[in-house]
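Computed from heavy atoms alone, side chains included, the values below leave out hydrogens, waters and symmetry copies. Positions are given from 1, in the same order as the sequence printed here.
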Amino acid sequence: MPDFNSSSRIIITCSNRLSPYLQMGIAELGFKPERVFKTGVELKGTLQDCICLNLNLRCASQVLFSLKEFNADNADDLYNTLLDFSWEDVIVVDGYFSISSNVSNDTINNSLFANVKVKDAIVDRFRNKTGERPDSGPMLDKTVIHLYWKESLAEIFIDTSGETLSKHGYRKIPGKAPMLESLAAATLLATKWDRKSVFINPMCGSGTVAIEAALLATNRNPGLLRFNYAFMHLVGYEEKFYMDEFTRLEKQVAEVDELKIIATDISEDAVNISKVNAGIAGVEEYIDFAVCDFEETVIPEGENGIVYFNPEYGDRLGVEAELEITYKRLGDFLKKKCKGYFGYIFTGNLELAKKIGLKPNRRIEFYTSKIDCRLLEYELYSGTKRTDK
């Protein structure tokens with residue numbers, strides 16, 4: 001069986017451009033990354049560490065634990081090497097497993113073929129050793145084995161996550177064109193919000209940004225909202241590993257009575273969906289929801305918090321000509337009604353962003369799906385900006 005205290009290479013994947021924020025979360029847990037790249041972070045650790053990483057990270061997709069690195073020029077090399085691996089020490093004989101992969105090899109024109117070769121090697125190993133075999137299929141809710149194969153270098157991992165970590169478990173009703181939870185968390189980490197001052201989210205949609213803000217401010221980690229991971233189905237897994245970490249997460253939750261988050265949307269359906277999602281996340285008491293046009297959102301005076309917009313940007317919803325007017329209104333609203341705040345607009349349409357009419361302090365790069373996006377930051381001075389000579 002795998003030793004949950006034995007160290008190996010861990011690769012934590014994330015969406016493109018999220019790795020700086022993933023690295024922040026990893027460092028907060030006391031781990032030291034050995035390598036950071038565009039779509040992930042590498043470090044050394046144990047399977048028990050993987051449990052901790054799965055339950056805590058807000059910006060991750062998968063936590064992969066390396067089992068074996070080897071050379072494979074073709075599918076036969078892959079099969080023969082994996083046939084000799086002790087899979088009966090990893091996968092429960094009467095259990096279920098699935099295969100995922102990232103393949104770039106000249107002899108393979110379909111990654112699904114590589115998946116089948118891995119599956120065949122595992123099944124044949126079981127039959128040779130035990131006369132039985134576990135079931136297999138596409139579902140990621142049990143044991144998951146991941147193949148990374150580039151040219152002649154191959155590496156086999158346990159995917160300790162299974163279903164992606166980028167979905168945080170509370171959004172049962174997604175609404176229209178929702179922002180992925182891990183992306184929303186990363187954009188919040190990129191702002192100058194102190195997690196104590198007012199957070200205002202007009203155009204809240206299904207509430208993802210406002211809910212992630214409340215989760216951050218109250219120190220609620222994603223592991224509190226999910227109860228099945230692939231690591232739970234490994235040979236040798238002990239529930240105590242998971243329960244100890246889950247209990248630690250429960251104890252670190254902070255009830256912040258003075259926290260004020262305001263979320264509005266012109267759509268009553270969107271606000272109702274947001275309320276349901278906030279209730280599932282356990283943060284509904286911290287968010288004041290209202291149905292109104294964004295210009296009617298109440299902005300508390302004398303505060304210095306955050307105003308965060310994630311408007312439509314034409315590629316998925318709406319008509320661009322109409323959105324030009326909306327973006328100009330956004331700029332006017334920030335300039336006239338949000339003095340003393342920091343304003344943020346997340347958009348995937350840089351031409352529309354020019355209609356805002358304000359010069360951003362920062363343009364922070366992100367992706368949503370394959371769309372090149374920016375989080376634009378505006379410092380909204382309460383008076384005239386002065387520079388001393």
Side-chain angles (χ1 to χ4, degrees), residues 7-47 49-66 69 100-104 140 144 146-150 153 155 157-169 178-193 195 208-209 212-213 215-216 221-223 226 229-231 308 310 344 346-348 350 362-377:
S7 183
S8 186
R9 190 154 74 111
I10 296 174
I11 302 291
I12 307 161
T13 67
C14 63
S15 299
N16 196 3
R17 292 180 176 167
L18 296 197
S19 56
Y21 311 100
L22 173 60
Q23 184 181 6
M24 290 168 58
I26 291 169
E28 287 178 2
L29 295 172
F31 295 98
K32 294 182 180 179
E34 295 191 348
R35 181 170 66 100
V36 180
F37 49 101
K38 284 197 304 182
T39 56
V41 175
E42 176 185 338
L43 52 85
K44 289 284 187 182
T46 66
L47 279 170
D49 292 329
C50 290
I51 294 175
C52 172
L53 293 164
N54 272 288
L55 269 66
N56 283 276
L57 295 177
R58 301 177 191 273
C59 302
S61 296
Q62 315 293 145
V63 180
L64 308 174
F65 183 82
S66 179
E69 189 175 3
S100 63
S101 64
N102 182 350
V103 176
S104 177
L140 301 174
V144 181
H146 179 77
L147 168 68
Y148 176 84
W149 189 11
K150 186 173 183 180
L153 177 65
E155 190 166 7
F157 295 87
I158 297 171
D159 179 347
T160 65
S161 306
E163 297 289 351
T164 181
L165 301 173
S166 57
K167 297 180 180 180
H168 292 169
M179 180 185 282
L180 195 62
E181 293 95 309
S182 59
L183 174 60
T187 63
L188 292 172
L189 293 172
T191 71
K192 293 179 178 176
W193 187 44
R195 308 184 193 181
T208 304
V209 171
E212 289 294 329
L215 292 172
L216 266 175
N221 285 355
R226 175 170 168 174
Y229 299 86
F231 63 73
Y308 185 117
N310 177 24
Y344 291 90
F346 183 88
T347 181
L350 301 184
R362 293 192 295 160
R363 299 175 176 86
I364 308 164
E365 295 182 345
F366 287 99
Y367 270 111
T368 177
S369 185
K370 296 183 179 180
I371 302 172
D372 186 19
C373 297
R374 297 291 183 275
L375 179 65
L376 304 172
E377 177 186 275

Can any side-chain N or O of [X] pair as donor or acceptor with the backbone N or O of [Y] at less than 3.5 Å?
X    : Y    : answer
T191 : W193 : yes
S161 : E163 : no
H168 : R58  : yes
S104 : K150 : no
N221 : G223 : no

Hey, does [Y] have a side-chain heavy atom less than 4.5 Å from the side chain of [X]?
X    : Y    : result
L29  : D49  : no
L43  : I12  : yes
V209 : L188 : yes
F157 : Q62  : no
P222 : L57  : no
C52  : F31  : yes
L189 : L216 : yes
I10  : S66  : no

Q: Quickly, which of V103, N102, L64 forms a side-chain contact (heavy atoms from CB on, under 4.5 Å) with Y148? Name it, please.
A: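 So, applying the side-chain contact (heavy atoms from CB on, under 4.5 Å) to Y148 and each of V103, N102, L64, only N102 qualifies.
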
**Q.** T160-N54 side chain donor-acceptor pair, cut-off 3.5 Å
**A.**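 Checked: T160/N54 side chains pair up, N/O donor to acceptor below 3.5 Å.
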
Q.
Does either side chain, that of E181 or that of T208, offer a donor lying less than 3.5 Å from an acceptor on the other one?
A.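 No donor-acceptor contact under 3.5 Å links the two side chains.
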
Which heavy-atom pair separates [X] from [Y] by the least distance, and what is that distance?
X    : Y    : result
L183 : T368 : CD2-CB, 3.7 Å
Y344 : K192 : OH-N, 2.9 Å
A230 : G162 : CB-N, 3.6 Å
G348 : C373 : CA-SG, 3.7 Å
F37  : S19  : O-OG, 2.7 Å
S61  : S15  : OG-N, 3.8 Å

Give, for atom [atom1] of [X] and atom [atom2] of [Y], the distance between the pair rounded to the nearest 0.5 Å.
X    : Y    : atom1 : atom2 : result
N16  : S369 : CG    : OG    : 11.0 Å
N310 : M179 : CG    : CE    : 3.5 Å
L350 : R374 : CG    : CZ    : 5.5 Å
L47  : F65  : CG    : CZ    : 4.0 Å
L140 : H146 : CG    : NE2   : 11.5 Å

Q) Can you check side chain to side chain contact (heavy atoms under 4.5 Å, CB included) on F231 and D159, steps first, answer last? A) CA-CA 8 Å; F231 63 73; D159 179 347; over 6 Å; no

Q.
List the residues meeting salt bridge (charged side-chain N to carboxylate O under 4.0 Å, His left out) with E69, not counting sequence neighbours, and say none if there are none.
A.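 Applying salt bridge (charged side-chain N to carboxylate O under 4.0 Å, His left out) to E69 gives none.
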
Q.
Could you tell me if R17 sits above the aromatic ring of F366, with its cationic atom closer than 6.0 Å to the ring centre and no more than 45 degrees from the axis?
A.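 No.
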
(Q) Considering only residues two or more places apart or on different chains, which pairs with a residue in residues 27-39 satisfy side-chain hydrogen bond (donor to acceptor under 3.5 Å, both in side chains)? (A)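 Residue pairs with at least one partner in residues 27-39: R35-E42.
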
Q.
Taking K370 first and then D372, would you say they form a salt bridge - that is, a charged N and a carboxylate O separated by under 4.0 Å?
A.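 So K370 does not pair with D372 through a salt bridge.
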
Q: Report the C-alpha distance between Y308 and T187 in whole Å, list the side-chain angles of each, state the deciding distance to 0.1 Å, and finish with yes or no for side chain to side chain donor-acceptor pair (under 3.5 Å).
A: CA-CA 10 Å; Y308 185 117; T187 63; 2.9 Å; yes

